[in-house]
*Asks:* 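Quick one: this structure, given as structure tokens, is what I'll be asking you about.
Counting from 1, the numbers follow the sequence of the chain as shown.
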Amino acid sequence: MAPDPVQTPDPASAQLRQMRYFTWEEVAQRSGREKERWLVIDRKVYNISDFSRRHPGGSRVISHYAGQDATKALTDEFRELRATVERMGLMKANHLFFLFYLLHILLLDVAAWLTLWIFGTSLVPFTLCAVLLSTVQAQAGWLQHDFGHLSVFSTSTWNHLVHHFVIGHLKGAPASWWNHMHFQHHAKPNCFRKDPDINMHPLFFALGKVLSVELGKEKKKHMPYNHQHKYFFLIGPPALLPLYFQWYIFYFVVQRKKWVDLAWMLSFYVRVFFTYMPLLGLKGLLCLFFIVRFLESNWFVWVTQMNHIPMHIDHDRNVDWVSTQLQATCNVHQSAFNNWFSGHLNFQIEHHLFPTMPRHNYHKVAPLVQSLCAKYGIKYESKPLLTAFADIVYSLKESGQLWLDAYLHQ
């Protein structure tokens, strides 16, 4: 049976209160790849062609939903949960939490420099300095994530300002680049060609059961995917930041003329140059910088991929928003270390369902989310930290084998 037609007011005949009807096939033709883009909300069709360019999250974010229905089953119950969460005050941030978090990052940054200034530049203090600076970079990465999601201050202006400071001055990266990439990830997590976090498929890796089999059937072989669980250790965690992100971010800001972001980024490099150059010289400084990016990259990749890579990865099947978030995410068990080490991204399920919620409240909403999942028979997965790391490798091995079987026999 064909789906019911979608009802919408016709501007040309509004005076007669007549209605036009569109089939889902007509709606689907106005997708994100077309110049004209439609979105269905509560069985009404909206032309978002012009609005998509003004959308605060970026045109790509809302365009990923073009040609689809933005309201489906489970949504009403989640709205009730959202209202309950707001009544409980869980969307309000504890500013002292984030202040102390920022202070601990700044103290570690100072401690790294003092280590070289007091103890010299021999191997042991140099290594300790690199570890401290890597910790600063990783923790600043989690903190900028909070401000980027507007989850700290009640006004977006203050969130944006401090976001520029943390990601720009403390890390040397552009806020606009992070927004562009991360908002798409949240709109359609683990959806091929819509979530930039899985853009490594199929050039470097075969991800997910469905996509891997599809790749094998098409006889595509960009890499020996059946060995990807091995070469992941070479081109995954160690290489992402120092060999790709480090250089691409400069291309991004120049190509898009993000001069404010560039100024914040340059302030980071100027500060690092003038504080460490007198102690280490140019070669020592470059060596320290590369080691820090290398260590940070390993930390960043293992944490950010443990919640998503082992989960369902597929084309966009136009599933309702809540289910889309749940099928693409899993949690890691709560502990003081896990919370700190991952920046509370061990609560990835709660973060994706409530992206503007302050991270210190994730554990409070988790039981409510578990109840919702249990009611609708949706798997709520939480695992130990090391198991989550291992599952990345296991999932790559499985998808690589699925690709090989399909490549050889289908």
*Asks:* Identify, with sequence neighbours excluded, every residue that meets ring pair (Phe, Tyr, Trp, His ring centres under 6.0 Å) alongside Y380.
*Replies:*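 Not a single residue meets the ring pair (Phe, Tyr, Trp, His ring centres under 6.0 Å) criterion with Y380.
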*Asks:* Would W340 and W299 count as a close aromatic pair, with their ring centres under 6.0 Å?
*Replies:*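 Here the rings of W299 and W340 have centres that are less than 6.0 Å from each other.
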*Asks:* With a 4.5 Å cut-off on side-chain heavy atoms, are D109 and R271 touching?
*Replies:*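 Sidechains of D109 and R271: in contact.
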*Asks:* How about H149 and H186: does a side-chain donor come under 3.5 Å of a side-chain acceptor?
*Replies:*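 Yes - a donor-acceptor pair under 3.5 Å links their side chains.
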*Asks:* Which residue is it: N159, N94, L102? I am looking for the one with a side chain to side chain contact (heavy atoms under 4.5 Å, CB included) to V152.
*Replies:*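 Checked N159, N94, L102 against V152; only one passes side chain to side chain contact (heavy atoms under 4.5 Å, CB included): N159.
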*Asks:* I want to know whether H344 and H145 have ring centres closer than 6.0 Å.
*Replies:*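 No - the distance between ring centres of H344 and H145 does not fall below the 6.0 Å cut-off.
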*Asks:* More than 12 foreign heavy atoms under 6.0 Å from NZ of K397: is that the case here?
*Replies:*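 At most 12 heavy atoms, drawn from other residues, nucleotides or ligands, come within 6.0 Å of this atom.
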*Asks:* By salt bridge (charged side-chain N to carboxylate O under 4.0 Å, His left out), which residues pair with D146, not counting sequence neighbours?
*Replies:*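 Once residues adjacent in sequence are excluded, the partners of D146 under the salt bridge (charged side-chain N to carboxylate O under 4.0 Å, His left out) criterion are R359.
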*Asks:* Quick one: sort the F232 and F205 rings into parallel, tilted or perpendicular, breaks at 30° and 60°.
*Replies:*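 Aromatic pair F232/F205 classed perpendicular.
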*Asks:* Flag yes if more than 12 heavy atoms outside Y394 fall under 6.0 Å of its OH atom; otherwise flag no.
*Replies:*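 For Y394, atom OH is not crowded (no more than 12 foreign heavy atoms under 6.0 Å).
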*Asks:* When you compare the side chains of N331 and E350, does any donor N or O come within less than 3.5 Å of an acceptor on the partner?
*Replies:*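 Note: N331 and E350 side chains meet the donor-acceptor criterion.
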*Asks:* When the ring planes of F347 and H363 are compared, do they come out parallel, tilted or perpendicular, using 30° and 60° as the limits?
*Replies:*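 Taking H363 first and then F347, their aromatic rings sit tilted (interplane angle of 30° to 60°).
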*Asks:* So, E381 and K383, do they make that salt bridge, N to O below 4.0 Å?
*Replies:*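 So E381 pairs with K383 through a salt bridge.
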*Asks:* Inspect the contact between R293 and E296 and indicate whether a charged nitrogen and a carboxylate oxygen are less than 4.0 angstrom apart.
*Replies:*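 A salt bridge is present here (some side-chain N lies under 4.0 Å from a carboxylate O).
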*Asks:* Output, in order, the C-alpha distance, side-chain angles, deciding distance and verdict of side chain to side chain donor-acceptor pair (under 3.5 Å) for Q334 and N338.
*Replies:* CA-CA 6 Å; Q334 180 186 10; N338 288 353; over 6 Å; no
*Asks:* Given the side-chain rings of F147 and H164, with only the six-membered ring counted for Trp, is the space between their centroids under 6.0 Å?
*Replies:*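 No: the rings miss the under 6.0 Å criterion.
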*Asks:* Under a 4.0 Å N-O cut-off, is there an ion pair linking K375 with E77?
*Replies:*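 Salt bridge between K375 and E77, a charged N being under 4.0 Å from a carboxylate O: yes.
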*Asks:* Is F290 atom CZ crowded by more than 12 heavy atoms from other residues, nucleotides or ligands, each under 6.0 Å away?
*Replies:*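 No, CZ of F290 has 12 or fewer neighbouring heavy atoms, counting only those of other groups under 6.0 Å.
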*Asks:* Would you say W178 and H163 make side-chain contact, with heavy atoms under 4.5 Å?
*Replies:*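 They are in contact (side-chain heavy atoms under 4.5 Å apart), so the answer is yes.
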